[in-house]
**Q** 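This is the structure I have questions about; it appears just below.
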Amino acid sequence: MNIAVLASGGVDSSVVIHQLVESGYKPTLFYIRIGMEDENGYMGCSAEEDIEMVTLIAKHYGLELEVVSLQEEYWNTVVKYTLYTVKEGLTPNPDIMCNKLIKFGAFIDKWGNDFDKIATGHYATNIFENGKDWLGTAVDPVKDQTDFLAQISYSQLQKILFPLGPMPKSQVREIAARAVLPNAKRKDSQGICFLGKINYNDFIKKYLGEKDGLIIEQESGKILGHHNGFWFHTIGQRKGLGLSGGPWYVVGKSAAENIVYVSQGYDTEKQYGTKIPLEGIHFITENPWGEIPSEGVDITFKIRHTPEFTNGKLTRCGGGYLIDSDKPIQGIAPGQYGVIYSADKRICLGSSVIIF
């Protein structure tokens with residue numbers, strides 16, 4: 001079998017390479033450049049250290065390494081999507097878009113189609129059941145990344161291998177140490193890759209600027225302070241508001257009026273909700289229920305990257321869907337994705353954008 005590995009320079013993809021070689025494969029390694037400089041001087045993440053690490057791994061195992069660029073594609077899809085979504089007053093998820101459009105989109109179109117499988121260091125599993133492939137959750141709930149993969153297509157899923165899904169992160173570190181990999185103790189990357197060391201708010205400021213607006217207590221309508229643009233704030237945010245007498249949470253935004261609405265207290269009712277409206281759901285493999293009955297179907301779900309699953313029911317609602325959560329959920333943010341899982345948490349079925 002001809003396998004490509006998406007190598008990042010981190011310990012996860014390096015252990016994937018080690019495991020494949022130990023199993024008798026000789027994969028081709030690909031490092032994808034996505035950070036870029038545009039006409040305004042924006043520079044994405046520096047890749048030199050990562051490439052150096054991937055080069056060491058390639059030499060260690062005698063493997064071919066290709067450094068390829070998807071910088072233009074990344075800017076024209078993921079970065080522009082992020083800026084547009086923020087400007088509309090919504091909460092973006094660049095990681096979901098990167099996996100769908102870049103790592104398993106543009107990469108497959110340009111290079112991946114020459115290979116039988118593409119292996120990646122994502123924490124997820126391949127499940128083959130009832131004659132079909134399904135995106136399965138990882139053994140390690142803390143590292144599980146199926147929520148970031150919830151917009152991939154069925155054809156993309158059929159192409160991907162997830163060697164790390166059946167093992168906890170601690171085992172991955174142990175394998176790296178035993179194999180004496182040069183990045184065995186390297187820290188995991190955090191944040192949005194294309195930003196590199198650039199602060200998120202600095203990035204948003206560069207492209208959307210600043211605009212003075214009001215911070216208003218939602219319950220009373222009282223003006224509490226000012227902000228520099230609603231696009232710097234997201235639903236559920238607590239830090240960075242500059243208000244005394246807190247805690248204060250962002251519970252709403254008006255893009256038209258540039259207003260940020262807040263509510264006080266750790267358990268204020270305004271922070272929570274049980275009804276999560278969705279656009280039409282993207283099912284990765286298929287809708288396992290066919291026609292969803294009026295009483296709904298039992299599911300588990302996530303609305304942000306977290307180890308915990310929440311129980312609920314999925315029903316049809318007009319032209320879209322509605323998640324009815326079994327318990328109140330904090331920080332339901334339009335623009336983010338509601339990710340749908342089977343009731344037993346084994347399979348990530350798909351996802352949809354949360355709407356107002």
Side-chain angles (χ1 to χ4, degrees), residues 90-93 95-96 123-125 127 129-130 134-151 165 218-219 234-238 247 249-253 261-356:
L90 307 173
T91 301
N93 193 317
D95 294 302
I96 283 183
Y123 283 81
T125 54
I127 293 178
E129 201 167 86
N130 299 323
W134 302 85
L135 176 62
T137 52
V139 165
D140 190 332
V142 174
K143 298 303 297 182
D144 182 86
Q145 293 173 299
T146 49
D147 53 324
F148 294 142
L149 295 161
Q151 277 282 307
Q218 188 172 70
E219 293 85 349
T234 189
I235 304 296
Q237 175 186 336
R238 179 167 71 91
Y249 287 85
V250 176
V251 295
K253 296 188 293 182
Y261 294 97
V262 297
S263 190
Q264 187 183 37
Y266 285 108
D267 295 311
T268 172
E269 185 178 311
K270 297 294 183 181
Q271 289 181 54
Y272 295 86
T274 58
K275 308 292 185 183
I276 305 169
L278 306 174
E279 286 184 342
I281 295 177
H282 164 74
F283 288 102
I284 299 170
T285 300
E286 65 181 10
N287 178 345
W289 305 288
E291 189 67 30
I292 294 178
S294 58
E295 66 271 20
V297 290
D298 291 329
I299 61 165
T300 54
F301 70 93
K302 296 181 182 183
I303 64 167
R304 61 178 58 87
H305 186 57
T306 173
E308 291 80 28
F309 295 82
T310 304
N311 294 318
K313 281 191 177 292
L314 181 68
T315 60
R316 292 304 302 261
C317 182
Y321 293 82
L322 179 72
I323 297 174
D324 194 348
S325 177
D326 283 3
K327 67 178 184 180
I329 300 294
Q330 191 264 347
I332 301 170
Q336 265 288 19
Y337 279 82
V339 182
I340 309 299
Y341 294 84
S342 57
D344 61 7
K345 309 171 188 176
R346 288 178 58 242
I347 295 174
C348 177
L349 297 167
S351 63
S352 181
V353 174
I354 298 172
I355 57 178
F356 289 101

**Q** Restricting to non-hydrogen atoms, name the atom on Arg238 and the atom on Pro247 that form the minimum distance, rounded to 0.1 Å.
**A** CD-CB, 3.7 Å
**Q** Check the pair Val250, Thr234 against side chain to side chain contact (heavy atoms under 4.5 Å, CB included), reporting the backbone distance first and the verdict last.
**A** CA-CA 7 Å; Val250 176; Thr234 189; over 6 Å; no
**Q** What heavy-atom pair brings Arg304 and Ile329 nearest, and what distance separates the two atoms?
**A** NH1-CG2, 4.5 Å
**Q** Quick one: list whatever passes ring-ring contact (aromatic ring centres under 6.0 Å, His included) with Tyr337, sequence neighbours left out.
**A** none
**Q** Step by step, would you call Ile299 with Phe309 a side chain to side chain contact (heavy atoms under 4.5 Å, CB included)?
**A** CA-CA 10 Å; Ile299 61 165; Phe309 295 82; over 6 Å; no
**Q** Minimum heavy-atom separation for Pro293 and Val297, please, with both atom names.
**A** CD-CG1, 3.8 Å
**Q** For a quick test of your reading: what N or O donor-acceptor pairs under 3.5 Å do the side chains of residues 339-346 make, sequence neighbours left out?
**A**
residue: Tyr341; atom: OH; partner: Thr146; partner atom: OG1; Å: 2.8
residue: Tyr341; atom: OH; partner: Asp147; partner atom: N; Å: 3.3
residue: Ser342; atom: OG; partner: Asp344; partner atom: OD1; Å: 2.6
residue: Ser342; atom: OG; partner: Arg346; partner atom: N; Å: 3.3
residue: Ser342; atom: OG; partner: Ile347; partner atom: N; Å: 3.1
residue: Asp344; atom: OD1; partner: Arg346; partner atom: N; Å: 3.1
residue: Arg346; atom: NH2; partner: Glu129; partner atom: OE2; Å: 2.9

**Q** Kindly write out the residues that satisfy salt bridge (charged side-chain N to carboxylate O under 4.0 Å, His left out) with Lys253, not counting sequence neighbours, or none if the list is empty.
**A** none
**Q** Give the C-alpha distance, both sets of side-chain angles, the deciding distance and a yes or no for side chain to side chain contact (heavy atoms under 4.5 Å, CB included) between Phe148 and Asn93.
**A** CA-CA 8 Å; Phe148 294 142; Asn93 193 317; 4.1 Å; yes
**Q** Only counting residues at least two apart or in another chain, list the ones meeting ring-ring contact (aromatic ring centres under 6.0 Å, His included) with Phe301.
**A** none
**Q** Might you point out which heavy atoms bring Trp289 and Asn287 nearest each other, and give the distance in Å?
**A** N-OD1, 2.9 Å
**Q** Any idea which heavy atoms bring Ile303 and Gln330 closest together, and the distance?
**A** CD1-O, 4.1 Å
**Q** List, one per line, each side-chain donor-acceptor pair under 3.5 Å for residues 310-317, sequence neighbours excluded.
**A**
residue: Lys313; atom: NZ; partner: Asp298; partner atom: OD1; Å: 2.7
residue: Arg316; atom: NE; partner: Gly320; partner atom: O; Å: 3.2

**Q** Is there a side chain to side chain contact (heavy atoms under 4.5 Å, CB included) between Val251 and Val262 once you walk through the steps?
**A** CA-CA 5 Å; Val251 295; Val262 297; 5.6 Å; no
**Q** Kindly give the heavy-atom pair with the smallest separation between Lys143 and Tyr123, and that separation in Å.
**A** O-CB, 3.2 Å
**Q** Less than 3.5 Å apart, which donor and acceptor atoms pair up between the side chains of residues 275-282 and the rest of the protein, not counting sequence neighbours?
**A**
residue: Lys275; atom: NZ; partner: Asp324; partner atom: OD1; Å: 3.3
residue: Lys275; atom: NZ; partner: Asp324; partner atom: OD2; Å: 2.8
residue: His282; atom: NE2; partner: Gln151; partner atom: O; Å: 3.3
residue: His282; atom: NE2; partner: Ile152; partner atom: O; Å: 2.7

**Q** So, do Leu90 and Phe356 sit near enough that their side-chain heavy atoms are less than 4.5 Å apart?
**A** yes
